[in-house]
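These notes are about the structure you will find just below.
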Amino acid sequence: MIACLDVHYDAHLAAAAAVVFDEWTANAAIAQYSTVVGGSGEYEPGKFYLRELAPLLAVIGQIGEPIDVLVIDAYCYLSDDKLPGLGMHLHAAINQRCSIIGVAKNRYQNSRHADEVLRG
């Protein structure tokens, strides 16, 4: 099973959502979860996990299906020398119980280690 996760936040609250699919080619989700938590904090370059880890863990805690892969809107590694990004912090926080795929909308600084994927 695959869960795709994202977080939206304002100055005081963070809303996290998860959509669960049974396979990569699924046409529809089998479950959806969401939660709101307080204290989203300010964005700090290289420390995205401080802002998003708690809301992600809160929504993951609601998922009832056995998840094999989590897809997140963030990097797993921030550099060629494997400086941990949100994905690696999340992987550690869930005791490595599933794989994490990071898909970031924007390139982090000079992140040459990441492959760019274009839609269309």
> For I60 and L90, what are the C-alpha separation, side-chain angles and deciding distance, and is it a side chain to side chain contact (heavy atoms under 4.5 Å, CB included)?
Replying inline: CA-CA 10 Å; I60 289 168; L90 179 59; 3.7 Å; yes
>> The test is side chain to side chain contact (heavy atoms under 4.5 Å, CB included); show your working for V71 and I2 and say whether it passes.
In response: CA-CA 7 Å; V71 180; I2 304 135; 4.1 Å; yes
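- When all heavy atoms of G38 and L13 are compared, the pair lying nearest together is CA-CD2, 3.9 Å.
- Taken to the nearest 0.5 Å, the CD atom of Q32 stands 11.5 Å off from the SG atom of C4.
- Here the rule is side-chain contact (heavy atoms from CB on, under 4.5 Å) with L56, and of D6, L5, L70, D73 only L5 fits it.
- Hydrophobic clustering of Ile, Leu, Val, Met, Phe, Trp and Tyr side chains at less than 4.5 Å, counting indirect connections, unites V103 with W24.
- Legend: residues meeting side chain to side chain contact (heavy atoms under 4.5 Å, CB included) with E65, ordered by chain and number and at least two apart, are M1, V20, I30, A31, Y33, I63, I67.
- Applying the side chain to side chain contact (heavy atoms under 4.5 Å, CB included) rule to A26 yields the partners F21, D22, E23; only residues at least two apart in sequence or on another chain are considered.
- For the side chain to side chain contact (heavy atoms under 4.5 Å, CB included) test, residues two or more places apart in sequence or in another chain that qualify with A58 are T35, V37.
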Name each donor-acceptor pair under 3.5 Å that joins a side chain in residues 94-102 to protein atoms two or more places apart or in another chain, with its distance.
none

